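Counting starts at 1 for both ligands and their atoms, in listed order. By convention here, the first residue in the shown sequence is residue 1. Just so it is clear, the structure is predicted and the values come from calculations on it, not from any experiment.
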Amino acid sequence: MRNISEKKRIVIKLGTSTLAHKTGKLNIRRMTNLVRVISDLHNSGRDIIIVSSGAQGLGSGKLGLREKPKDIRMKQAVAAIGQCELMHIYDNMFERYSITVAQILLTKMIINNPNHCSNFKNTIESLVGLGVIPIVNENDAIAIDELELEIGENDSLSALVAELSGADLLLILSDIDGLYTGDPRTDPSAEPITVVEEITPEIEGVAGGAGTTLGTGGMSTKINAAKIATAAGIDMVIMNGRDPELLYDLFEDKEIGTIFKAKKDNEV
Ligand code: GLU
């Protein structure tokens, strides 16, 4: 039995493929619908914290580049441009519903530093208390390590944010419907897995390891996020961000996407 309707503090992770077209330009219809539904969830009394990607994608789009730059210095410059664009868009779109947003940019160094980390928690608490939606991203203009080592991905970051902000649900919106027994794009017999009680080696197996296809490779960072979230006592849901209306169904406890159940001894 799902208990999503009872969740009060939700971290929502939005990936670049949800926010932008392949051109790097904003997906206006998708974003308009998402912001409307998220605003409604917020108005229903839930605390919402967004972890948003898109800085590099929108920055590249704004500069008219055909693809994200490979060079680290250019990546950082593009991210600085795109982050500004990203927040401008969120600010404008949420304003339509009289909701104030705030930007917080994180690096691994901040998370690993106890003082900075406690400042982060306090700021989140204050913002949420003010009825503001904090929007978090990695500080890609600065976080060289993450970019160089290619672990600068927001799935794991969103799980850490969920843990640090005392969320009771992490919701990852992606371009896939959830976890399947195989890769649904290549395997027609692949079946959806609606509930994961425990992340076993079999589950990791169906999610695929690094170096597999785009979809399953993307799934492995989500499994990593699920490990962090569930160990911290937080349920995690992966669902498709294509149709934001489905969020209403999710919060009415309908079977949408895949839920990874929190480990019981740690449940918040
Ligand atoms: N922080 C990156 C950006 O905003 C995205 C990382 C990710 O998509 O996981 O472009």
Fill in: Counterpart residues, side chain to side chain contact (heavy atoms under 4.5 Å, CB included), relative to Asp249 (two or more places apart)
Leu246, Glu252, Lys254, Ile256

Worksheet item: Can you tell me if Asn240 and Asp175 form a side-chain donor-acceptor pair at under 3.5 Å?
Response: no

Worksheet entry | Mode of Asp140 contact toward ligand 1 - side chain, backbone, both, neither (heavy atoms, under 4.0 Å) | side chain

Worksheet entry | Any N/O pair Thr16/ligand 1 closer than 3.5 Å | no

Worksheet entry | side chain to side chain contact (heavy atoms under 4.5 Å, CB included) involving Arg29 - partner list, sequence neighbours excluded | Asn27, Asn33

Worksheet item: Can you tell me if Glu153 and Ser156 form a side-chain donor-acceptor pair at under 3.5 Å?
Response: yes

Fill in: Donor on one side chain, acceptor on other, Asn154 and Ser53, under 3.5 Å
yes

Worksheet item: Quick one: which ligand 1 atoms are inside 4.0 Å of a heavy atom on Asn137?
Response: 1 (N), 3 (C), 4 (O)

Practice prompt. Can you measure from CG (Asp155) to CE (Met219) and round to the nearest 0.5 angstrom?
Written response: 9.5 Å

Worksheet entry | Any N or O of Ala55 closer than 3.5 Å to N or O of ligand 1 | yes

Fill in: ligand 1 to Asn154 polar contact by distance, N or O atoms, under 3.5 Å
yes

Worksheet entry | Contact (N/O only, under 3.5 Å) between Glu138 and ligand 1 | no

Fill in: Proximal ligand 1 atoms for Gly54, defined as those under 4.0 Å from one of its heavy atoms
3 (C), 4 (O), 10 (O)

